[in-house]
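Data block below; observations after.
Whatever order the structure lists them in is the order used to number ligands and atoms, beginning at 1. The model shown is predicted, which means the values in this text are computed figures rather than measured ones.
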Amino acid sequence: MENEVVVSVRDLRKTYGAKVAVDGISLEVRRGEVFGVLGPNGAGKTTTVECAAGLRRPDGGTVRVLGLDPVADPAVRYRVGVQLQHAVLPNRMKVREAVRIFASAYPRHADPDALLAEWGLAEQHGTAFAALSGGQRQRLFIALALLGEPEVVVLDELTTGLDPAARRDTWSLVRALLAKGVSVLLVTHAMDEAEQLCDRLVVVAAGRGAAAGTPAMLRGAHTSLESAYLALTGEVA
Ligand SMILES: Nc1ncnc2c1ncn2[C@@H]1O[C@H](COP(=O)(O)OP(=O)(O)OP(=O)(O)O)[C@@H](O)[C@H]1O
Ligand SMILES: [Mg+2]
């Protein structure tokens with residue numbers, strides 16, 4: 001269904017002890033789009049997408065994924081792939097073991113060898129996690145997020161640490177996912193990535209949405225998305 005909302009976050013609030021990390025963020029991801037979340041370090045982006053993925057329980061507001069509450073209805077999590085910003089695997093776990101273990105968690109999954117080849121890890125099957133480069137780890141976590149053939153993918157800092165060619169390849173692989181009707185919730189600090197990949201985005205600052213819309217709408221009268229972003233987040237006038 002066109003314009004079908006696959007992720008709905010309304011007035012989300014999340015605290016860690018006395019710290020208010022998210023203070024009323026709302027967003028909607030539609031089927032087949034990339035929805036971007038931008039904002040300074042500590043603004044609440046990871047907390048927001050982890051709540052959206054059902055990995056954290058909100059203190060207030062509502063989260064619906066494919067029409068379901070991902071905390072109350074964990075089965076929906078099989079339909080959501082998540083690449084976490086701070087993910088790690090045991091140092092000695094080999095790439096092939098990681099994909100096998102992750103694949104066993106899903107009722108239905110992609111072909112692990114094809115997925116690893118697609119993400120440039122064909123030579124790394126026998127490599128231990130500790131021996132992977134930063135960019136190889138990043139690509140492994142993206143591949144693991146896609147293993148269950150999810151309908152919705154949450155990517156927290158998708159291309160951080162990737163070389164320029166790998167970034168371009170990653171963008172085209174994400175576009176290929178969109179063509180299949182997959183929807184993406186993407187956290188990024190990269191303005192070029194936001195402009196190239198995101199259909200719509202929200203800029204968050206101090207746990208609140210500062211502005212939302214298409215990259216062109218947010219750029220508005222500014223010379224670049226970056227200067228609009230800096231003005232919105234109050235980092236530079
Ligand atoms: N597990 C936690 N316990 C306590 N405080 C936390 C925890 N996770 C995050 N915070 C705090 O909540 C706020 C939001 O953190 P979050 O990780 O959501 O930010 P972010 O926008 O993803 O930042 P970054 O760009 O640095 O990844 C920060 O002030 C952070 O210190
Ligand atoms: Mg983060």
Side-chain angles (χ1 to χ4, degrees), residues 7-29 34-65 70-71 77 80-89 134-135 137-142 144-146 150 152-162 167 170-171 174 183-198 200-213 215 218 224-236:
V7 178
S8 160
V9 172
R10 270 178 221 271
D11 209 17
L12 179 68
R13 202 179 138 82
K14 178 72 188 173
T15 56
Y16 300 107
K19 168 77 195 171
V20 181
V22 176
D23 192 15
I25 288 178
S26 299
L27 59 88
E28 281 187 346
V29 185
V34 180
F35 189 96
V37 182
L38 275 67
N41 293 138
K45 303 178 300 297
T46 293
T47 304
T48 299
V49 299
E50 287 180 351
C51 288
L55 301 175
R56 290 191 188 277
R57 184 185 296 273
D59 294 315
T62 52
V63 172
R64 290 290 175 274
V65 178
V71 174
R77 287 190 221 155
V80 181
V82 188
Q83 172 237 327
L84 293 172
Q85 182 184 358
H86 303 292
V88 285
L89 288 172
R137 289 180 190 195
Q138 181 80 346
R139 284 185 269 138
L140 174 59
F141 286 121
I142 300 168
L144 292 175
L146 300 175
V152 177
V153 189
V154 174
L155 301 166
D156 194 350
E157 302 207 9
L158 172 68
T159 56
T160 301
L162 296 188
R167 291 180 86 221
T170 299
W171 292 349
V174 169
S183 315
V184 178
L185 179 58
L186 171 80
V187 176
T188 186
H189 288 297
M191 296 298 148
D192 59 344
E193 184 162 288
E195 294 212 272
Q196 298 274 331
L197 213 51
C198 294
R200 297 183 305 133
L201 46 90
V202 62
V203 176
V204 303
R208 292 169 181 267
L218 288 181
S224 66
L225 183 60
E226 181 167 69
S227 70
Y229 167 89
L230 291 171
L232 280 167
T233 55
E235 299 215 313
V236 174

Pair Arg167-Asp192, salt bridge (Lys or Arg N to Asp or Glu O under 4.0 Å): steps then yes or no: CA-CA 11 Å; Arg167 291 180 86 221; Asp192 59 344; 2.9 Å; yes
Verdict with reasoning, Asp156 to Lys45, per salt bridge (Lys or Arg N to Asp or Glu O under 4.0 Å): CA-CA 8 Å; Asp156 194 350; Lys45 303 178 300 297; over 6 Å; no
May I ask which of Thr46, Thr160, Val204 has a heavy atom nearer to atom 17 (O) of ligand 1 than the others do? Thr46
Decide whether the shortest distance between a heavy atom of Pro40 and an atom of ligand 1 is less than 4.0 Å. yes
Hey, is the Mg ion (ligand 2) within less than 2.8 Å of some N/O/S atom on Asn41? no
More than 12 non-hydrogen atoms from neighbouring residues, nucleotides or ligands closer than 6.0 Å to CZ on Arg10, yes or no? no
Using protein heavy atoms only, decide if any is under 4.0 Å from atom 30 (C) of ligand 1. no
Among protein heavy atoms, which lies nearest atom 26 (O) of ligand 1, and at what distance? Asn41 ND2, 3.1 Å
Check whether any N, O or S atom of Thr46, backbone or side chain, sits closer than 2.8 Å to the Mg ion (ligand 2). yes
So, applying side chain to side chain donor-acceptor pair (under 3.5 Å) with Thr46, which one of Glu157, Arg56, Gln85, His86 is it? Gln85
Ligand 1 contacted by Gly44 (non-hydrogen, < 4.0 Å): yes
Taken to the nearest 0.5 Å, the spacing of Thr160 OG1 from His189 NE2 works out to 6.5 Å
Tell me if a side-chain donor or acceptor on Asp59 pairs with a main-chain N or O of Thr15 at a distance below 3.5 Å. yes
Contacting atoms of ligand 1, where contact means under 4.0 angstrom from a heavy atom of His189: 25 (O)
Checking Thr47 against Tyr16: is there a side-chain donor and acceptor pair closer than 3.5 Å? yes
Consider only side-chain N and O atoms of Gln196 and Trp171, and report whether a donor and an acceptor are under 3.5 Å apart. no
Protein contact to atom 6 (C) of ligand 1 [nearest heavy atom, distance to 0.1 Å]: Tyr16 CD1, 3.2 Å
Whether the Ser26 and Asp11 side chains hold a donor-acceptor pair (N or O, under 3.5 Å, no angle test) is what I'd like checked. no
of all protein heavy atoms, closest to atom 23 (O) of ligand 1 is Gly42 N, 2.8 Å
Which protein non-hydrogen atom lies closest to atom 16 (P) of ligand 1, naming both residue and atom, and how far is it? Thr47 OG1, 3.6 Å
Option set Glu50, Lys45, Gln85, criterion heavy-atom distance to atom 25 (O) of ligand 1, minimum: Lys45
I'd like to know if the side chain of Thr159 reaches the main chain of Leu162, judged simply by a donor and an acceptor atom lying under 3.5 Å from each other, with no hydrogens or angles considered. no
Give me the nearest non-hydrogen protein atom to atom 12 (O) of ligand 1 as residue plus atom name, then the distance to 0.1 Å. Ala21 CB, 3.4 Å
Quick one: which ligand 1 atoms are inside 4.0 Å of a heavy atom on Glu157? 25 (O), 27 (O)
Verify the contact flag for atom 10 (N) of ligand 1, where contact means a protein heavy atom under 4.0 Å away. yes
